[in-house]
J.: 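My questions will all concern the structure given below.
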Amino acid sequence: MKTIRLNFCATIILVFLNAACQKSAFNEISPKDSLAQTLILPAGNGLSSSRPQAETEGQCNSYAFIILLESRTLVNGNWEWIWSVQNSNPGNGNNGTIQDLSHWGMQFGTCVVWPAVIGAAYSADGNNWTGFSPSFQPDPSQGCMTDSVLKFDFGTTGNAKSYYKLVFSQVYQPTSVPGYYKAGNKTGCCTFSFTGVGCGEEGPIK
């Protein structure tokens with residue numbers, strides 16, 4: 001009986017010692033694991049302080065200019081579309097600033113036919129307009145969009161809006177279309193999408 005009691009006591013002591021060792025091991029590992037999670041989670045949740053090079057170095061920035069479709073109006077049987085363009089952060093192109101717009105251009109939805117474009121103009125104030133004969137062809141003065149575009153050869157000054165008008169003889173609908181801008185040597189050129197001219201029916205531009 002004495003031998004049995006000794007064996008039982010020894011077993012109980014070994015069980016407690018094993019549990020104590022496991023607890024000690026857990027306490028040594030837990031802080032390390034917790035630190036690893038603390039280091040990983042901020043980066044995984046987008047809390048890093050680094051910013052994309054395009055925003056900090058003056059490289060292609062699709063949001064450099066704010067382009068709004070101001071109106072789409074039926075006038076004497078034709079449709080006048082007016083956009084405004086505004087510099088989002090005017091400056092000399094350093095430290096994330098944007099140089100003045102030199103010119104910009106747009107493409108259309110594939111349903112638009114070129115003969116439907118019957119007028120074009122630009123304005124510094126939205127009231128006094130300068131008309132020009134639009135064309136649909138590549139713009140060799142920039143290299144970020146090589147396809148044919150309608151080019152507005154008029155830019156912006158500071159944070160003031162500039163205005164751009166197209167007149168169509170047919171009804172088209174606002175839709176997302178590609179465009180490009182050119183703005184100085186530092187800001188350069190870039191492509192973007194904006195609310196432009198399109199419609200539901202598909203067909204080649206002519």
J.: How far does OG1 of T195 sit from CE of M106, to the nearest 0.5 angstrom?
T.: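 Separation between the atoms: 11.0 Å.
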
J.: Is the shortest side-chain heavy-atom distance between F136 and V112 below 4.5 Å?
T.: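 Of all side-chain heavy-atom pairs linking V112 with F136, none is under 4.5 Å.
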
J.: Give a yes or no on whether V171 and W81 share a hydrophobic cluster (residues Ile, Leu, Val, Met, Phe, Trp, Tyr; joining criterion: side-chain heavy atoms under 4.5 Å apart).
T.: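 V171 clusters together with W81.
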
J.: Going by the ring-ring contact (aromatic ring centres under 6.0 Å, His included) test, name the single residue among Y164, Y180, Y181 that passes it with W104.
T.: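 For W104, the ring-ring contact (aromatic ring centres under 6.0 Å, His included) check succeeds only for Y164.
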
J.: Output the distance between atom OG (S162) and atom CD1 (I67), rounded to the nearest 0.5 Å.
T.: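 If we round to the nearest 0.5 Å, S162:OG and I67:CD1 are 11.0 Å apart.
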
J.: Under a single-linkage definition using a 4.5 Å side-chain heavy-atom cutoff for Ile, Leu, Val, Met, Phe, Trp and Tyr, are I66 and F194 assigned to the same hydrophobic cluster?
T.: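 They do not share one cluster, since no chain of ILVMFWY contacts under 4.5 Å joins I66 to F194.
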
J.: I need the minimum non-hydrogen distance between S169 and P115, along with the two atoms involved.
T.: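 Where S169 meets P115 most closely, the heavy atoms are OG-O, 4.3 Å.
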
J.: Suppose clustering is done on Ile, Leu, Val, Met, Phe, Trp and Tyr with side-chain heavy atoms closer than 4.5 Å. Which residues sit in the same group as V75?
T.: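 Its cluster partners, ordered by chain and number, are none at all.
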
J.: Would you compute the distance between atom CH2 of W114 and atom OG of S135 and round it to the nearest 0.5 angstrom?
T.: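 Result: 6.0 Å between the selected atoms.
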
J.: Determine whether more than 12 heavy atoms belonging to other residues, nucleotides or ligands lie under 6.0 Å from atom CG of N94.
T.: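 For N94, atom CG is crowded (more than 12 foreign heavy atoms under 6.0 Å).
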
J.: Without swapping roles, check the side chain of T156 against the backbone of Q86 for a donor-acceptor pair under 3.5 Å.
T.: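 Checking the backbone N and O of Q86 against the side chain of T156, no donor-acceptor pair under 3.5 Å is found.
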
J.: Hey, any chance V167 and V197 share a hydrophobic cluster, counting ILVMFWY side chains that come within less than 4.5 Å of each other, even indirectly?
T.: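 The answer is no; the residues belong to distinct hydrophobic clusters.
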
J.: Applying salt bridge (charged side-chain N to carboxylate O under 4.0 Å, His left out), which residue pairs with at least one partner in residues 90-118 are found, sequence neighbours left out?
T.: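 As it turns out, there is no salt bridge (charged side-chain N to carboxylate O under 4.0 Å, His left out) pair with a partner in residues 90-118 once direct neighbours are skipped.
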
J.: Let me confirm one number: the CG-OG1 distance from N78 to T73, rounded to the nearest 0.5 Å.
T.: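 Those atoms lie 12.0 Å apart.
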
J.: Do the side chains of F108 and M145 join up, straight or via other hydrophobic residues, at under 4.5 Å, putting them in one cluster?
T.: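 Different hydrophobic clusters.
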
J.: Within this structure, what is the CD1-CZ distance for the pair I82 and R72, rounded to the nearest 0.5 Å?
T.: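 If I round to the nearest 0.5 Å, the distance is 13.0 Å.
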
J.: Side chains of S88 and I98: closer than 4.5 Å at any heavy-atom pair?
T.: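 The answer is yes; the side chains approach within 4.5 Å.
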
J.: Can you pull out every salt bridge (charged side-chain N to carboxylate O under 4.0 Å, His left out) where at least one residue sits in residues 132-144? Sequence neighbours excluded, please.
T.: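 Pairs touching residues 132-144 that pass the test: D139-K151.
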
J.: Looking at every heavy atom in both A121 and G131, which two are closest together, and how far apart are they?
T.: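 So the two residues come closest at CB-CA, 3.8 Å.
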
J.: Which heavy-atom pair separates A183 from L101 by the least distance, and what is that distance?
T.: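 Scanning both residues completely, I find the closest heavy atoms to be CB-CA, 4.0 Å.
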
J.: Determine the minimum heavy-atom distance between K182 and S141, stating which atoms define it.
T.: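 Residues K182 and S141, closest heavy atoms: CE-O, 3.9 Å.
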
J.: Among residues at least two apart in sequence or on other chains, which ones pass ring-ring contact (aromatic ring centres under 6.0 Å, His included) with Y163?
T.: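 If we apply the ring-ring contact (aromatic ring centres under 6.0 Å, His included) test to Y163, skipping adjacent residues, there are no hits.
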
J.: Using every non-hydrogen atom in the two residues, find where V177 and G109 come nearest and quote the distance to one decimal.
T.: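 Between these two residues, the closest heavy atoms are CG1-N, 3.8 Å.
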
J.: Output the distance between atom CD (E80) and atom CD1 (I118), rounded to the nearest 0.5 Å.
T.: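 With rounding to 0.5 Å, CD (E80) is 9.0 Å from CD1 (I118).
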
J.: Is there a path of hydrophobic side-chain contacts, each under 4.5 Å between heavy atoms, that joins V149 and F168?
T.: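 Each belongs to a different hydrophobic cluster.
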
J.: Can you list the residues that meet the ring-ring contact (aromatic ring centres under 6.0 Å, His included) rule with F154, with sequence neighbours excluded?
T.: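 In terms of ring-ring contact (aromatic ring centres under 6.0 Å, His included), with neighbours along the sequence ignored, F154 is linked to Y122.
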
J.: Are the gamma sulfurs of C190 and C60 separated by less than 2.5 Å?
T.: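 Correct, these two cysteines form a disulfide.
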
J.: Using modelled atom types and a 3.5 Å cut-off, is there a donor and acceptor pairing between side-chain atoms of T97 and backbone atoms of N89?
T.: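 Here the side-chain-to-backbone pair does not exist.
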
J.: Looking at S193 and S176, would you say the former's side chain and the latter's main chain have a donor-acceptor pair under 3.5 Å?
T.: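 Side chain of S193 to backbone of S176, a donor-acceptor pair under 3.5 Å: no, none is there.
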
J.: Over all heavy atoms of both residues, which pair between C189 and G143 is shortest? Give the atoms and the distance, please.
T.: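 Smallest interatomic distance, heavy atoms only, reads SG-N, 3.9 Å.
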
J.: If you take the centroid of each ring, where Trp contributes its six-membered ring, are F65 and F192 closer together than 6.0 Å?
T.: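 No.
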
J.: Which pairs pass side chain to side chain donor-acceptor pair (under 3.5 Å) with one or both residues in residues 123-134, sequence neighbours excluded?
T.: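 Only S123-D125, D125-N128 qualify under side chain to side chain donor-acceptor pair (under 3.5 Å).
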
